[in-house]
Amino acid sequence: MSPSRPSLARLRSQALVLALSAAFTLSGCAAALPALGGGSTTPARRGDLLLGGAARVPFGKLREPALAPTGESRYRRDAQASGVVPVVAARYGLAHHLDLGILVAGTTVRGELRREHVLVEDSTRPSFVYGLAPYVGMVEGGGSEGGRATRFGLDLPVTYAVEIGGLYEVWLGIRAGAEGVRGQLGADGVREDVSAQKVYGGALFGVGLGFRRLHVLLELTAAYEQWWGSHGITSFDRGGFVLTPAFALRFRI
């Protein structure tokens with residue numbers, strides 16, 4: 001009976017780690033952060049409310065393993081997780097071609113200031129939309145005593161957008177930015193200092209369909225991320241591609 005006890009204990013430990021990882025992902029702590037810019041800025045003295053969701057799908061070395069190998073930093077599972085998060089956003093038109101907004105994706109909050117340069121003011125309305133979007137969020141470790149870290153960064157989207165008769169919207173462009181993470185992360189009460197940085201860049205494409213006050217928005221961002229930093233005594237330096245699909249219902253007030 002004694003040889004089976006270590007195996008049983010190991011299985012229980014692995015099951016606990018898997019449960020914590022699943023709970024972390026389902027709690028909305030994955031790092032998905034969509035743009036959801038739409039085909040234009042919000043009209044002056046009008047408001048937009050967006051309700052939807054987004055997912056983070058990493059590839060290559062950023063892909064999350066079911067169980068982190070021995071010696072690997074838990075940061076791979078905690079701060080670079082895959083998963084789906086709810087998204088809520090609100091925007092207000094400060095003036096013609098200028099709006100201000102806030103977007104909440106999981107545990108991350110992003111502010112937005114966007115400017116629009118209209119090329120042709122007609123029923124088919126092409127424009128360039130560019131913005132400045134700082135954000136801050138929280139990353140939690142595994143379990144009730146797994147620690148906590150803060151993520152902060154700056155997102156810089158630039159898109160070419162087209163509105164067609166107020167019914168259809170198409171936008172495509174680029175996103176670039178940088179992010180930092182500071183805090184302590186771990187599991188089962190064992191926490192270690194984490195310090196990490198990320199730079200990223202990629203492309204996005206979105207479409208919208210609706211009528212008057214209600215539109216459905218679909219968007220996909222494909223970006224390359226490069227991470228480096230340390231978690232405790234473990235250093236890491238890895239990069240890979242990440243897809244961020246997103247959707248939202250936009251209500252114009």
Side-chain angles (χ1 to χ4, degrees), residues 31-44 46-48 50 52 54-58 85 87-105 108-122 124-137 151-164 166 168-180 197-210 215-227 239-248 250 252:
L33 190 62
L36 290 173
S40 68
T41 56
T42 304
R46 298 284 298 275
D48 285 335
L50 290 82
R56 173 183 165 87
V57 186
V85 295
V87 176
V88 179
R91 295 179 176 132
Y92 180 76
L94 298 175
H96 291 297
H97 317 308
L98 179 68
D99 68 11
L100 181 67
I102 184 171
L103 181 145
V104 179
T108 301
V109 180
R110 184 182 69 202
E112 302 174 332
L113 180 64
R114 302 190 305 159
R115 185 76 181 181
E116 178 184 41
H117 177 67
V118 179
L119 302 178
V120 179
E121 195 71 68
D122 204 343
T124 298
R125 185 177 179 275
S127 64
F128 285 102
V129 181
Y130 46 92
L132 188 68
Y135 61 89
V136 63
R151 61 185 297 226
F152 50 90
L154 180 64
D155 191 25
L156 301 171
V158 179
T159 61
Y160 174 74
V162 180
E163 280 188 335
I164 304 173
Y168 308 100
E169 300 180 11
V170 179
W171 62 99
L172 56 94
I174 59 174
R175 293 178 69 184
E179 180 177 319
Q197 301 80 40
K198 174 183 77 171
V199 292
Y200 61 93
L204 64 89
F205 174 75
V207 295
L209 173 64
H215 283 73
V216 178
L217 307 182
L218 301 174
E219 183 184 81
L220 177 65
T221 297
Y224 184 86
E225 297 183 356
Q226 182 64 45
W227 288 88
F241 284 94
V242 175
L243 296 181
T244 306
F247 74 94
R250 188 188 67 197
R252 179 149 291 170

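Please read these numbers as outputs of a predicted model, since none were measured by experiment.
- Two residues are said to be in side-chain contact when any heavy atoms from C-beta on lie closer than 4.5 Å; W171 and V129 fail this criterion.
- At distances below 3.5 Å, not a single donor-acceptor pair connects side-chain atoms of E225 with backbone N or O atoms of Y200.
- For the atom pair CZ (F247) and CD (E219), the distance works out to 12.5 Å, reported to the nearest 0.5 Å.
- Looking at heavy atoms from C-beta onward, L103 lies in side-chain contact with V87 at the 4.5 angstrom threshold.
- Atoms CG and OG1, from L100 and T41 in turn, are 12.0 Å apart once rounded to the nearest 0.5 Å.
- Between R115 atom CZ and Y130 atom OH the span is 6.0 Å, to the nearest 0.5 Å.
- Residue H96 comes nearest to A44 through the heavy atom pair N-CB, 3.7 Å, listed as atom of the first residue, atom of the second, then distance.
- Side-chain contact between L154 and L132 is present, with heavy atoms from C-beta onward closer than 4.5 Å.
- Taking 4.5 Å as the limit, some side-chain heavy atom of L172 sits within range of a side-chain heavy atom of F205.
- The OG1 atom of T42 sits 9.5 Å away from atom CD of E116, with the distance rounded to the nearest 0.5 Å.
- Counting non-hydrogen atoms of other residues, nucleotides and ligands closer than 6.0 Å to OH of Y168 gives a total of 12 or fewer.
- By the salt bridge (charged side-chain N to carboxylate O under 4.0 Å, His left out) test, R252 is found to be paired with D48, residues two or more places apart in sequence or in another chain being considered.
- Considering all non-hydrogen atoms of both residues, G38 and A161 come closest at O-CB, 4.1 Å.
- For V118 against R125, the heavy-atom pair with the smallest separation is CG2-NH2, 3.2 Å.
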Item to complete: Please assess L119 against F128 for the test side-chain contact (heavy atoms from CB on, under 4.5 Å), listing each intermediate value before the final yes or no.
Response: CA-CA 8 Å; L119 302 178; F128 285 102; 3.8 Å; yes

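- For A105 against P34, the heavy-atom pair with the smallest separation is CB-CD, 4.3 Å.
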Item to complete: Take V170 and Y160 through the side-chain contact (heavy atoms from CB on, under 4.5 Å) test and state the conclusion after the steps.
Response: CA-CA 8 Å; V170 179; Y160 174 74; over 6 Å; no

Practice prompt. Quick one: do L50 and R91 satisfy side-chain contact (heavy atoms from CB on, under 4.5 Å)? Show the steps, please.
Written response: CA-CA 9 Å; L50 290 82; R91 295 179 176 132; 4.1 Å; yes

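- Contact detail for R46 and Y92: the closest heavy-atom pair is O-CD1, 3.3 Å.
- Taken to the nearest 0.5 Å, the CG atom of L98 stands 5.5 Å off from the CG atom of L113.
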Fill in: Intermediate values then yes/no, side-chain contact (heavy atoms from CB on, under 4.5 Å), L217 and E169
CA-CA 9 Å; L217 307 182; E169 300 180 11; 4.2 Å; yes

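- Taken from CD in E179 to OG1 in T108, the straight-line distance is 7.5 Å, to the nearest 0.5 Å.
- In terms of modelled atom types and a separation under 3.5 Å, the side chain of R110 and the main chain of D155 share no donor-acceptor contact.
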